[in-house]
Structure formats: structure tokens, C-alpha cells
Amino acid sequence: MRHVIALDVGGTSMKAALVGEDGAVLHDARRETGREGGPDAVVEHLLAFAADLRAHGARHLGAPALAAGVAVPGTVDEATGTALYSANLGWRDVPLRALLAERLGMPVALGHDVRTGGLAEGRAGAGRGADRFLFVALGTGIAGAIGLAGGVEAGANGFAGEIGHIVVRPGGRPCPCGQTGCLERYASAAAVGTTWAEESGRPDADAADCARAVAAGDPDAARVWTEAVEALADGLVTALTLLDPGTLIVGGGLAEAGDVLFRPLGAAIERRLTFQAAPVLLPAALGDAAGCLGAALLAQDLLQHIPQTTEVRT
């Protein structure tokens, strides 16, 4: 059965799937990233995982995969297939596409994790049918994907969509990127969790706890949440003004709060709009499956540009 390998590499674990031509998941698996062993160990774990997936396809699906798609965090040069930098994984300038292609004997596409998730949301998730959309993931940090005509814009240097580093509070909290007042220091799930832990006096509290407290009517939680929503709306309206998307898709851990987030966020965005057209605001539909599904799309897109006579090593 014709299929591709899809890998979504996270800070602590890797999700993978073998995906058929029709988008059906034929096999899925998960492994630890192994970052405690350092960046070289992470790369080797990734290569070994991909090789095992290839072997599984050859044994159980009649033939090895035709191509592989891999989504990784950090800064990615998709044109050269290089993982330039990841603070969580510790690697720099890793030629992942070349390493994987050599190990697997098949063409490989490399993508940025959030852009890859955005690609899946645009084609198969909340943004299906939208010609122009902005996907924003609210997790440990904040990043975005700019969707255009069925694809996702990487930018001239691979930084397109880094909405988390729009400065929304000049002179505010320091950010690891070197700026102060970045959006993700106020409106990411990690930022909300940290602030609520301090305010509530519960060191183990997180953003989900804050959302539950808001829903229960806690005024302190409401204040923390409102500050985050107002900062998020400031950042999003800046992005909307620049990009003019018809659809705004919000995902990631903070979006799991549902209406506790989307109702005040929609109202805060509306208050800020003057001449801009309001986009359709939607929650992401694919959850943590988006990265894998997007990686499969990268691999399938790659096959569209390879002559049909190309063969993979058996």
C-alpha cells in the first residue's frame, strides 16, 4: 500500500504515523525524544525511529514508504532542509533532511512544527476551504502560520509567523529572544500558568487551573486571564492589520479553555478593529494530531514534484 512517513518532533516526545494516499493513518507510534542525552542523541533517536517506521511499512504494508515528512521545533531552513536552532533540543545547523534521506533511501521534506500544523489545519482542519488564514498556537511559547492558497508561507529567512515576538508591552518582561514585552511573555500557556501560580500561591498551578478558576468566578483568576487576553488581542490585531486573513485559527494548550478564551478574545479583537475587516475566529480542529498530519502533507506534496520513475531503496 502506498504511504508516507510522518514525524512530529517535540521537546519531550516524537509522534509518528504511516499515512496512506487518502490521508488515512495506517500506523501510529510515539517515542521519547531523548533530549537528556544531548542534541546528537536526539538526532540519532530521530533517525532510528524513522528507520523503524520504514521497516514497519515494508513488513506490514507491502512496501516501504515513498517519502517522509518531518516537523521540528525551533528555527528551520526548509529550502536546505536544515534544523538551524532549537533551544529545547539543543541542536544547531543539523542537516536533518540529508541525514534522513541517507538513512531511509527516500525523499524527505523538513518543516517547522507550527507551520506544519498550520498546513494541516488549513487543508484538513478548521481552515479547510479558506484561501487566506492565520493559525496561532498558544503553548509554551506562541507561534503562527500564515496560510496562502493551500500552502504556508515560510518567509525569506524561515521566520514568517513568529507572532509570539511581536512586542505588545514595550519595556515589559524580558524575553529569551533578547527583546522585552514580547507577546508570548504575557499570553502563552506558560506565561498564564506562571502568573497564576504566583497569584494563587500554588507553585504547581498552570494555565488550565487558571481557566477553571475563571469559569468558577474567581476574581483574581479573571484579572490574570483578562491581562493575557488583552495582550493577545493586541498582538493578533497587529498581525491581522498586516496580513488581512479571512480566517483566524487559534490552537495550542491555552485554546483548550474553549469559550473561556474565545468569547473574551473575540470581543477584545472587535474593540480594537477600526478599518480592518474582522476575520472568522475559530478554534483549531486537529489538536496534537496536526503536526503529524501536516508532516504527511509535506511528504505527499514532495512526491508531486518527483518524477514517477523515482524509486526508493528496498
Side-chain angles (χ1 to χ4, degrees), residues 73-76 78 84-88 112-119 121-122 127 130 132-148 152-195 207 224-255 257 261-262 264-284:
T75 307
V76 181
E78 295 170 4
L84 297 175
Y85 174 68
S86 170
N88 286 335
H112 179 273
D113 57 352
V114 174
R115 287 198 294 269
T116 302
L119 179 67
E121 284 289 349
R132 293 175 178 267
F133 68 88
L134 175 63
F135 168 69
V136 178
L138 309 174
T140 303
I142 297 178
I146 303 165
L148 295 171
V152 172
E153 173 61 39
N157 300 291
F159 303 141
E162 288 292 346
I163 184 175
H165 297 289
I166 290 176
V167 174
V168 294
R169 301 291 181 264
R173 299 171 187 167
C175 180
C177 79
Q179 301 183 124
T180 59
C182 287
L183 175 61
E184 69 175 40
R185 306 306 294 165
Y186 296 87
S188 65
V192 173
T194 297
T195 303
V224 170
W225 195 259
T226 297
E227 289 176 356
V229 168
E230 293 294 314
L232 181 57
D234 287 338
L236 289 175
V237 169
T238 297
L240 299 178
T241 303
L242 290 171
L243 302 173
D244 189 26
T247 303
L248 171 60
I249 305 166
V250 179
L254 206 64
L261 174 67
F262 284 91
L265 178 60
I269 289 173
E270 288 280 357
R271 287 197 303 272
R272 286 161 171 76
L273 297 178
T274 54
F275 66 90
Q276 307 95 325
V280 177
L281 175 62
L282 298 172

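Quick note: residue numbers are just sequence positions, from 1.
Sorted by first and then second residue, the side chain to side chain donor-acceptor pair (under 3.5 Å) pairs involving residues 174-184 (not counting sequence neighbours) form an empty list. Note on residues 273-282: pairs passing side chain to side chain donor-acceptor pair (under 3.5 Å), not counting sequence neighbours, are T241-Q276, T274-Q276.
Looking at residues two or more places apart in sequence or on another chain, you find no side-chain hydrogen bond (donor to acceptor under 3.5 Å, both in side chains) involving T226. With sequence neighbours left out, R185 forms a side-chain hydrogen bond (donor to acceptor under 3.5 Å, both in side chains) with no residue at all. Under the rule for a salt bridge (Lys or Arg N to Asp or Glu O under 4.0 Å), the partners of R272 that lie at least two apart in sequence or sit in another chain are E230, D234.
A pairwise comparison of heavy atoms in L254 and L261 identifies O-CD2, 3.8 Å as the closest pair. Shown here for A145 and G118, the closest heavy-atom pair between the two residues is CB-CA, 3.9 Å. The two atoms that bring A231 and Y186 nearest to each other are CB-CB, 3.7 Å, heavy atoms only. The two residues A189 and A207 have their closest heavy-atom pair at O-CB, 3.4 Å. The shortest non-hydrogen separation linking T140 to S188 is O-OG, 3.5 Å. Shortest non-hydrogen contact noted between L134 and P245 is N-CB, 3.8 Å.
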### Task
For side-chain contact (heavy atoms from CB on, under 4.5 Å), just list the numbers for V192 and L138, CA-CA rounded to whole Å, side-chain angles, deciding distance to a tenth of an Å, and then say yes or no.
CA-CA 10 Å; V192 173; L138 309 174; over 6 Å; no

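Between the CG atom in L282 and the CD atom in E121 there is a gap of 9.5 Å [rounded to 0.5 Å]. Atom-to-atom distance recorded for T238:OG1 and L243:CG is 10.5 Å, nearest 0.5 angstrom. Note that the CG atom of L236 and the CD1 atom of I269 stand 5.0 Å from one another [nearest 0.5 Å]. Atom CG of L148 is separated from atom CZ of F133 by 8.0 Å, given to the nearest 0.5 angstrom. From L232, atom CG reaches atom CG of L265 across 5.0 Å, with rounding to the nearest 0.5 Å. Here the CG atom belonging to L84 is positioned 10.0 Å from the CD atom belonging to E78, to the nearest 0.5 angstrom.
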Donor-acceptor list for residues 153-166 side chains, cut-off 3.5 Å, not counting sequence neighbours:
{"from": "E153", "atom 1": "OE2", "to": "G155", "atom 2": "N", "distance (Å)": "2.8"}

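Residues L119 and F135 form no side-chain contact, since every pair of their non-hydrogen atoms from C-beta on lies 4.5 Å or further apart.
Residue R169 places its CZ atom among more than 12 non-hydrogen atoms of other residues, nucleotides or ligands, all under 6.0 Å distant.
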